[in-house]
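To start, the structure under review is shown below, and the notes come after it.
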Amino acid sequence: MKMGSNFRFLSLCLLALIASTHAQLQLGFYAKSCPNAEQIVLKFVHDHIHNAPSLAAALIRMHFHDCFVRGCDASVLLNSTTNQAEKNAPPNLTVRGFDFIDRIKSLVEAECPGVVSCADILTLSARDTIVATGGPFWKVPTGRRDGVISNLTEARDNIPAPSSNFTTLQTLFANQGLDLKDLVLLSGAHTIGIAHCSSLSNRLFNFTGKGDQDPSLDSEYAANLKAFKCTDLNKLNTTKIEMDPGSRKTFDLSYYSHVIKRRGLFESDAALLTNSVTKAQIIELLEGSVENFFAEFATSMEKMGRINVKTGTEGEIRKHCAFVNS
């Protein structure tokens with residue numbers, strides 16, 4: 001009797017171990033259930049990215065914002081009838097690329113209904129668009145499932161803002177299991193894309209509420225921005241500006257060159273120089289090769305892509321990325 005009980009106990013432990021193993025992310029997760037899934041994503045990216053290369057920056061930003069709220073579960077894609085979802089939060093009002101993800105999802109659903117998550121499609125698309133525009137490749141293990149909760153307040157409180165100081169950045173990254181090296185490397189995504197003048201208007205025009213300028217921003221650069229870029233105070237929300245001037249379409253080290261010269265656009269960029277560890281890491285990256293940066297960036301992206309993922313029986317596989325299943 002005792003031997004039988006022990007056997008049943010061991011059998012249950014073994015089953016639990018197997019279930020746990022199957023619940024982990026893995027490369028080629030859809031190899032049997034939807035073998036063409038990753039190729040469908042890649043083909044769509046290659047067929048359309050040349051028409052909108054700026055989507056590479058948009059999708060990696062969307063992926064970042066998604067992972068920092070409830071983990072990488074595509075909750076940033078959900079709509080809300082009361083405008084209380086993550087996409088309605090201030091940090092996400094300028095996020096774009098939702099239609100791009102929806103179109104890929106429809107193609108994947110036609111091939112394998114109810115199999116591939118929106119979370120995996122977003123993660124794969126972010127990687128593939130970056131690679132297609134000349135950026136680094138990183139491995140994307142799959143098997144994520146989609147969340148069913150999307151909350152405006154959580155997005156507002158957990159996504160780093162352009163105005164974040166070092167302490168805030170360190171805390172928000174640590175909350176996601178990311179360290180200072182990840183902070184520096186993931187900030188490197190600012191090497192591509194654009195921002196709006198409103199995101200740095202305080203630095204230029206009213207830093208302490210007295211009509212002054214942020215002293216941590218290079219004065220010559222600030223004067224140039226005010227004279228030629230952010231010229232109309234009534235259009236700061238719509239006026240676009242390069243995050244990495246002269247190199248915004250190229251994934252390279254020039255962002256860090258601007259930061260070290262005190263020409264990073266955001267307060268969060270400048271904050272990287274206020275800590276000896278992150279400043280030293282920036283200098284080390286600049287002294288190294290682009291290939292080294294690519295490799296280091298890839299490691300941090302893989303790490304970010306695993307934040308609080310839902311696997312196994314958690315969450316669901318949405319039929320439409322903007323809505324939970326009924």
Side-chain angles (χ1 to χ4, degrees), residues 15-45 48 55 58-60 62-81 84-88 92 95 97-129 138-152 154-155 176 301-326:
L15 288 172
L17 178 62
I18 291 172
S20 174
T21 301
H22 282 299
Q24 302 305 309
L25 298 183
Q26 55 185 283
L27 292 172
F29 179 85
Y30 301 109
K32 292 183 179 179
S33 59
C34 191
N36 294 324
E38 294 191 25
Q39 189 58 38
I40 291 172
V41 175
L42 183 62
K43 184 178 186 304
F44 188 87
V45 167
H48 296 88
L55 269 175
L59 291 181
I60 199 169
M62 182 190 289
H63 179 38
F64 177 88
H65 284 206
D66 180 48
C67 291
F68 267 61
V69 186
R70 291 184 171 269
C72 309
D73 66 349
S75 51
V76 72
L77 303 178
L78 286 172
N79 287 345
S80 165
T81 56
Q84 292 298 308
E86 289 175 33
K87 64 168 57 174
N88 304 116
N92 289 327
V95 169
F98 296 106
D99 180 62
F100 193 84
I101 299 298
D102 286 341
R103 291 166 70 188
I104 296 176
K105 174 64 172 175
S106 67
L107 293 174
V108 175
E109 281 293 300
E111 176 86 4
C112 314
V115 174
V116 182
S117 69
C118 297
D120 277 338
I121 289 173
L122 172 54
T123 307
L124 289 164
S125 299
R127 190 270 310 275
D128 291 346
T129 52
W138 62 92
K139 296 176 182 177
V140 176
T142 45
R144 294 167 189 78
R145 288 172 65 85
D146 299 323
V148 296
I149 297 173
S150 186
N151 184 283
L152 181 154
E154 291 179 353
Q176 307 302 333
M301 284 301 301
E302 289 175 28
K303 187 175 176 181
M304 187 185 82
R306 293 178 178 273
I307 294 175
N308 295 328
V309 293
K310 294 169 178 62
T311 58
T313 58
E314 296 178 280
E316 63 182 14
I317 304 297
R318 280 183 227 144
K319 297 175 183 177
H320 302 283
C321 291
F323 308 97
V324 296
N325 297 338
S326 56

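- In this structure, Thr129 and Ile60 have side chains that are not in contact, with every pair of non-hydrogen atoms separated by 4.5 Å or more.
- Here Leu107 contributes atom CG and Cys112 contributes atom SG; the two are 11.5 Å apart, rounded to the nearest 0.5 Å.
- Formation of a donor-acceptor pair under 3.5 Å by the Asn92 side chain with backbone atoms of Glu86 is found in this model.
- Between Leu124 and Ile104 the shortest side-chain heavy-atom distance does not fall below 4.5 Å.
- With a 4.5 Å cut-off on side-chain heavy atoms, Val95 and Lys87 do not count as touching.
- Sequence neighbours left out, the pairs with a member in residues 72-81 that pass salt bridge (charged side-chain N to carboxylate O under 4.0 Å, His left out) are Asp73-Lys310.
- Scanning all heavy atoms of the two residues, the minimum distance from Trp138 to Met301 falls at CZ2-CE, 3.6 Å.
- Between the side chain of Arg145 and the backbone N or O of Gly312 there is at least one donor-acceptor pair closer than 3.5 Å.
- Heavy atoms only, all atoms of each residue included: Ser75 and Ile149 are closest at CB-O, 3.3 Å.
- Residues passing the ring-ring contact (aromatic ring centres under 6.0 Å, His included) test with His48 are Phe44, sequence neighbours excluded.
- Side-chain atoms of Asn151 and Gln84, non-hydrogen and from C-beta on, never get closer than 4.5 Å to each other.
- Residues Cys67 and Gln176 form no side-chain contact, since every pair of their non-hydrogen atoms from C-beta on lies 4.5 Å or further apart.
- Lys105 pairs by the salt bridge (charged side-chain N to carboxylate O under 4.0 Å, His left out) definition with Glu109, not counting sequence neighbours.
- Between the Asp102 side chain and the His320 main chain, no donor and acceptor come within less than 3.5 Å of each other.
- Residues satisfying the salt bridge (charged side-chain N to carboxylate O under 4.0 Å, His left out) test with Glu316, not counting sequence neighbours, are none.
- Interatomic distance, Phe64 CZ to Ile307 CD1, rounded to the nearest 0.5 Å: 8.0 Å.
- The structure places CZ of Arg70 at 10.5 Å from CG of Asn308, a figure rounded to the nearest 0.5 Å.
- Side-chain atoms of Ser117 do not come within 3.5 Å of backbone N or O of Asp146 as any donor-acceptor pair.
- Side chain of Asp66 to backbone of Cys72: no donor-acceptor contact under 3.5 angstrom is found.
- A distance of 13.0 Å separates CZ of Arg144 from CD of Glu314, quoted to the nearest 0.5 Å.
- The salt bridge (charged side-chain N to carboxylate O under 4.0 Å, His left out) pairs that include a residue from residues 32-44 are Lys43-Asp47, where partners are two or more places apart or lie in different chains.
- Between Leu77 and Cys118, the shortest heavy-atom distance links the atoms CD1-CB, 4.0 Å.
- Within the 4.5 Å cutoff, the side chain of Ser326 has no heavy atoms near those of the Lys319 side chain.
- Applying the side-chain contact (heavy atoms from CB on, under 4.5 Å) test to Ala126 and every residue at least two apart in sequence or in another chain returns His63.
- What you find for Gly143 and Leu25 is that their closest heavy atoms are C-CD2, 3.6 Å.
- Taken to the nearest 0.5 Å, the OG1 atom of Thr142 stands 5.0 Å off from the CG atom of Asp120.
- Side-chain atoms of Glu154 do not come within 3.5 Å of backbone N or O of Val69 as any donor-acceptor pair.
- Remark: the backbone N or O of Ala85 is paired with a side-chain donor or acceptor of Asn88 at under 3.5 angstrom.
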Applying side-chain contact (heavy atoms from CB on, under 4.5 Å), run through Val41 and Val116 and close with a yes or a no. CA-CA 11 Å; Val41 175; Val116 182; over 6 Å; no
